Amino acid sequence: MQEFICSSIKNFPSSAKVSWTSPSNIALVKYWGKKPIQLPANPSLSFTLNNCYTKTEIEFKKSSSFSIELYVDGQKNTSFLEKIETFFSRIKEFCPYLFNYQLTIHTENTFPHSSGIASSASGMSALSLCILSIEKYANNLSESQFYKKASFISRLGSGSACRSVYGPIGIWGNHNSFSGSNNEFAISYDAVHPIFKNYQDTILLVDKGKKQVSSTVGHKLMNNHPFSSLRYNQANHNLIKLKEILSDGDLDSFIQLVESEALTLHSMMMTSEPYFILMKPNTLSIIEKTWEFRKENNVPVCITLDAGANVHLLYPDQEKDNVLSFVKDKLVVYCENQQYICDRVGNGPTLIKEHYA
Ligand code: PMV
C-alpha cells in the first residue's frame, strides 16, 4: 500500500483538464463477498466491454479551498455527490494533491441510465484515470505505475471497477495461478485463444429499474452466509479451470463454467438471510429459450448475469448474425421496451484529452 501514497505535492499544475473513457465489465468468475476496505473475499475475472462506457472529464483549478461540482449528462447533479465524496475520503491518503483544487466533473454514460447496468465500474474507473493523469504528469509515473494505481484507487470506489482499467480481461484478487494477481488492484490478462479476442456480449434489458439489492448489501450478506467458504473455494477452483479454457478455446467447458458461476451468484442471494430473488420471470424465459436455441442449432452461446435481472449473452464473433436474429425473433419480447445492447470484449480505457497549465 505504501507504494500508492503520493508524498510530494510539488510539480502539480495550477490548472488542468483531463478526460477519459472507461468501459464497464462483465465477470465470468464472480466477486461476491468482501472484507474492509473493498478487499475481495475471492478472486474474480472479467471481460472488459467496449461499447458500454463512461466518459468523464475533470477540470482542476488550484485553490485554497477544496470543492467538487458535478454534472451528469450536462446537468448539475447532487445525487451522486455523496458517493464521490466517500470515494475521495478513501483516496485522500493516496492522492492528497486532489484537495488543493476546485474540481468540476462532467460525466456521461453511453448506456441508458436506468438500464439496470451498473455504472459504478465504468464511472469509478473513468474518474480514477482522470485523477491519476495529473499525478502522472507531476511525478512522471511510468505507464505501468499509472494503470496500477488507477486500478488501486478505482477499487476503493467500487470493487469491480478496478478490473475495468485493463482490457481485454481483468483479474482481481490473489490467486496462485495468475502471477502478479493480488487483492489490492487488478491485473491485465490476454493469454487467450483467438476465439475470445472479439467475443460478443448482447445485454438483454429485462428490468431497467434500480436494483432491489445494492451490491454493498449483497456483499455483506456473504459474511454470515452458510455456504460462503464453499463458494470462495469454488471461485478459486473455477479460476484454475477458466485459465485452461481461455487458453484452449474449449467453448463447451466455457459455457458450463460461466453459466454455473452466474447461477451460483444468484443462488447465494437466494440462500442468504434475508433472501432475495433478483431474476424476473423474463430472465428465466430468456435462459430457457437460449438453452433450447443452443441445443437445436449447436450454437455456442451462453448466458451470464450480474446482480440483477438482465441477461448477458456471450458468444463468438462468427455467430453474431445467427444469435442476433435469434434475439430479434425470440428474445426481445422479454426485454423492457424491447431494448438490448450489443457489446463485445474491448481493450480498456482511452485517454480523450489532457491539458496542463
Ligand atoms: O463492484 P461491485 O461492488 O458493484 O460488485 C460487483 C459484483 C458482481 O457484478 C455481481 C460480480 C462481479 O465480479 O462483477
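Order of appearance sets the numbers: ligands from 1, and atoms from 1 within every ligand. Not measured: the values here are computed from a predicted model.
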Mark up the atoms of ligand 1 that fall under 4.0 Å of a heavy atom belonging to [X], in ascending order.
{"X": "Arg163", "result": "12 (C), 13 (O), 14 (O)"}
{"X": "Ala27", "result": "12 (C), 13 (O), 14 (O)"}
{"X": "His219", "result": "2 (P), 3 (O), 5 (O)"}
{"X": "Gly159", "result": "1 (O)"}

- Message: Nearest non-hydrogen contact with atom 9 (O) of ligand 1 belongs to which option: Asn25, Ile26, Thr304, Asp306?
- Response: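 Going through Asn25, Ile26, Thr304, Asp306 one by one, Asp306 has the nearest heavy atom to atom 9 (O) of ligand 1.
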- Task: Tell me whether the centres of the aromatic rings in Phe196 and Phe254 are closer together than 6.0 Å.
- Result: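 That pair passes the under 6.0 Å test.
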- Taking the six-membered ring for Trp and the full ring for Phe, Tyr or His, determine whether the centres of Phe185 and Phe4 are under 6.0 Å apart.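 Centroid separation for Phe185 and Phe4: below 6.0 Å.
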- Ser215 N/O under 3.5 Å from ligand 1 N/O: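 N/O-N/O distance below 3.5 Å exists for this pair.
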- Which word best sums up how the rings of Phe227 and His225 line up, parallel for under 30°, tilted for 30 to 60°, or perpendicular for over 60°?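 Rings of Phe227 and His225: tilted, as their planes differ by 30° to 60°.
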- Query: What's the shortest distance from atom 7 (C) of ligand 1 to any protein heavy atom, and which residue and atom give it?
  - Reply: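 Going atom by atom, the protein heavy atom closest to atom 7 (C) of ligand 1 ends up being Tyr31 O, 3.5 Å.
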- Query: Is it the case that more than 12 heavy atoms not belonging to Ile9 sit under 6.0 Å from its CD1 atom?
  - Reply: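 Check fails, neighbour count at 12 or below.
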- Do Val311 and Thr290 have side-chain heavy atoms sitting under 4.5 Å apart?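 The answer is no; the side chains never approach within 4.5 Å.
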- Message: Exactly one of Glu3, Glu135, Glu184, Glu143 should register a salt bridge (Lys or Arg N to Asp or Glu O under 4.0 Å) with Lys149. Which one does?
- Response: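 Among Glu3, Glu135, Glu184, Glu143, the one meeting salt bridge (Lys or Arg N to Asp or Glu O under 4.0 Å) with Lys149 is Glu135.
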- Item | Location of contacts on Ser160 toward ligand 1, heavy atoms closer than 4.0 Å |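 For Ser160, backbone and side-chain atoms both sit under 4.0 Å from ligand 1.
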